[in-house]
Amino acid sequence: MHPIQIKARIADYLHHLTNYDYIAYGWLLGVLVGFLLLAIALAGRSPKTALFMIFLVLLLMVPGPFLMKYALDQTVRKTALTDLNTTQLSYAKNLIVLGKIENRGRIDMQGCRVFVDVVKQDLNKYKQFLYRLKPLRKQMLKIEKKLPKGGAMPYKIVFDNFDLKKKYNVIQSVECF
């Protein structure tokens, strides 16, 4: 992923924080500060326990925010992606991907990003994993349209100049905010 894309995704995420995000990250910060204060209080009586608690705080600081985002994406911002149709047009050399995004979360979404990767198809699962890291073609569609909870929204992505003769897989993912 290009650094500009990463910056745009982070900016979108920070721009669309909800009360659930603030509560989750505040809770994480409170737990880390609480463990740190407890470690300081225990430093005189039990230095090994205090050192372990400080190590635990440092260890949780790195994956904690990512785990919080993952937990929120699985509950509050839960979405489902349905691939309606993927068609390779031979006369126009295009690949058309049609799908539908469903909001199964607890809040109304302000917008979504749909990611579509075209990867080589292989029976070897290790090669398939490597092909996913370096797709043949990829495209991202940013949808800036409200998606109410329980609602659905169709999308369409077109790959121009698509002339692959070998077997491939189309992998789709969605990120809503």
Side-chain angles (χ1 to χ4, degrees), residues 1-39 53 56-87 94-119 128-129 131-160 168-177:
M1 189 178 306
H2 198 271
I4 294 173
Q5 290 175 333
I6 294 171
K7 184 179 176 183
R9 288 175 72 178
I10 291 172
D12 275 345
Y13 181 73
L14 292 176
H15 182 69
H16 294 97
L17 289 175
T18 64
N19 289 338
Y20 292 102
D21 294 296
Y22 291 120
I23 291 169
Y25 291 120
W27 177 83
L28 178 66
L29 182 66
V31 167
L32 293 177
V33 168
F35 274 141
L36 196 58
L37 291 175
L38 187 61
M53 302 228 8
L56 186 65
V57 166
L58 292 175
L59 190 67
L60 288 175
M61 281 175 55
V62 175
F66 298 106
L67 293 173
M68 276 299 163
K69 181 185 180 321
Y70 178 77
L72 289 169
D73 286 345
Q74 296 301 312
T75 56
V76 176
R77 290 186 292 266
K78 187 172 184 165
T79 55
L81 193 67
T82 307
D83 180 13
L84 298 177
N85 190 5
T86 301
T87 307
N94 288 345
L95 178 71
I96 299 175
V97 179
L98 299 173
K100 182 174 71 168
I101 305 167
E102 294 178 54
N103 183 355
R104 296 183 180 171
R106 297 179 184 159
I107 60 172
D108 295 340
M109 306 291 182
Q110 303 300 314
C112 295
R113 288 181 190 257
V114 180
F115 303 94
V116 178
D117 294 341
V118 178
V119 297
Q128 190 67 41
F129 175 74
Y131 291 152
R132 284 192 75 171
L133 295 176
K134 184 71 175 162
L136 298 170
R137 299 277 302 268
K138 65 187 202 174
Q139 198 164 338
M140 189 253 325
L141 173 68
K142 184 175 181 180
I143 303 170
E144 294 184 4
K145 184 175 154 186
K146 280 196 169 216
L147 180 60
K149 59 182 171 182
M153 173 175 35
Y155 65 90
K156 176 181 175 180
I157 296 179
V158 178
F159 287 91
D160 293 325
Y168 58 87
N169 287 332
V170 177
I171 300 170
Q172 302 178 52
S173 61
V174 67
E175 178 180 273
C176 291
F177 43 85

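- The shortest side-chain heavy-atom distance between T86 and I96 does not fall under the 4.5 Å cut-off.
- Legend: residues meeting ring-ring contact (aromatic ring centres under 6.0 Å, His included) with Y168, ordered by chain and number and at least two apart, are F162.
- Annotation: side chain to side chain contact (heavy atoms under 4.5 Å, CB included) contacts of L133 (sequence neighbours excluded): F129, L130.
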All N/O donor-acceptor pairs, side-chain side in residues 143-152, below 3.5 Å, sequence neighbours left out:
{"unit_1": "E144", "atom_1": "OE2", "unit_2": "K142", "atom_2": "NZ", "d": "3.3"}

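- For T79, the side chain to side chain donor-acceptor pair (under 3.5 Å) test picks out no residue, with sequence neighbours left out.
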Q: Would you please test M53 and L38 for side-chain contact (heavy atoms from CB on, under 4.5 Å) and show each step?
A: CA-CA 8 Å; M53 302 228 8; L38 187 61; 3.3 Å; yes
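- For the atom pair CG of D160 and CG of N94, the computed distance is 5.0 Å after rounding to the nearest 0.5 Å.
- Of the inter-residue distances, the one linking D117 atom CG with M140 atom CE reads 11.5 Å to the nearest 0.5 angstrom.
- With contacts defined as side-chain heavy-atom distances shorter than 4.5 Å, the pair V97/K156 does not qualify.
- Between the CG atom of L72 and the CG atom of L67 there is a distance of 11.0 Å, given to the nearest 0.5 Å.
- No more than 12 heavy atoms of other residues, nucleotides or ligands shown are found within 6.0 angstrom of NZ on K78.
- Side-chain atoms of H16 come within 3.5 Å of backbone atoms of D12 as a donor-acceptor pair (strictly under, hydrogens ignored).
- With sequence neighbours excluded, the residues that form a side chain to side chain donor-acceptor pair (under 3.5 Å) with E175 are R9.
- Residues meeting the ring-ring contact (aromatic ring centres under 6.0 Å, His included) test with Y20, sequence neighbours left out: none.
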Q: Carefully, step by step, assess I101 and C176 under the rule side-chain contact (heavy atoms from CB on, under 4.5 Å).
A: CA-CA 9 Å; I101 305 167; C176 291; 4.2 Å; yes
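- Remark: Y155 pairs with Q172 by the side chain to side chain donor-acceptor pair (under 3.5 Å) rule, at least two apart or across chains.
- Among pairs with a residue in residues 21-37, those fulfilling side-chain hydrogen bond (donor to acceptor under 3.5 Å, both in side chains) read Y13-D21, Y13-Y25, T18-D21, D21-R77, at least two apart in sequence or across chains.
- Side chains of V119 and V170 form no contact here, defined as non-hydrogen atoms less than 4.5 Å apart.
- Annotation: salt bridge (charged side-chain N to carboxylate O under 4.0 Å, His left out) contacts of R104 (sequence neighbours excluded): E102.
- In terms of the side chain to side chain donor-acceptor pair (under 3.5 Å) criterion, residue partners of N85 (sequence neighbours excluded) are, by chain and number, T87.
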Q: Please report the C-alpha distance between F115 and R113 in whole Å, then the side-chain angles of each, then the deciding distance to 0.1 Å, and finally whether the side-chain contact (heavy atoms from CB on, under 4.5 Å) criterion is met.
A: CA-CA 7 Å; F115 303 94; R113 288 181 190 257; 3.9 Å; yes
**Q.** Residue pair F159, V116: steps toward the side-chain contact (heavy atoms from CB on, under 4.5 Å) verdict
**A.** CA-CA 10 Å; F159 287 91; V116 178; 3.7 Å; yes
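- Remark: L32 engages L28, V57, L60, M61 in a side chain to side chain contact (heavy atoms under 4.5 Å, CB included) (not counting sequence neighbours).
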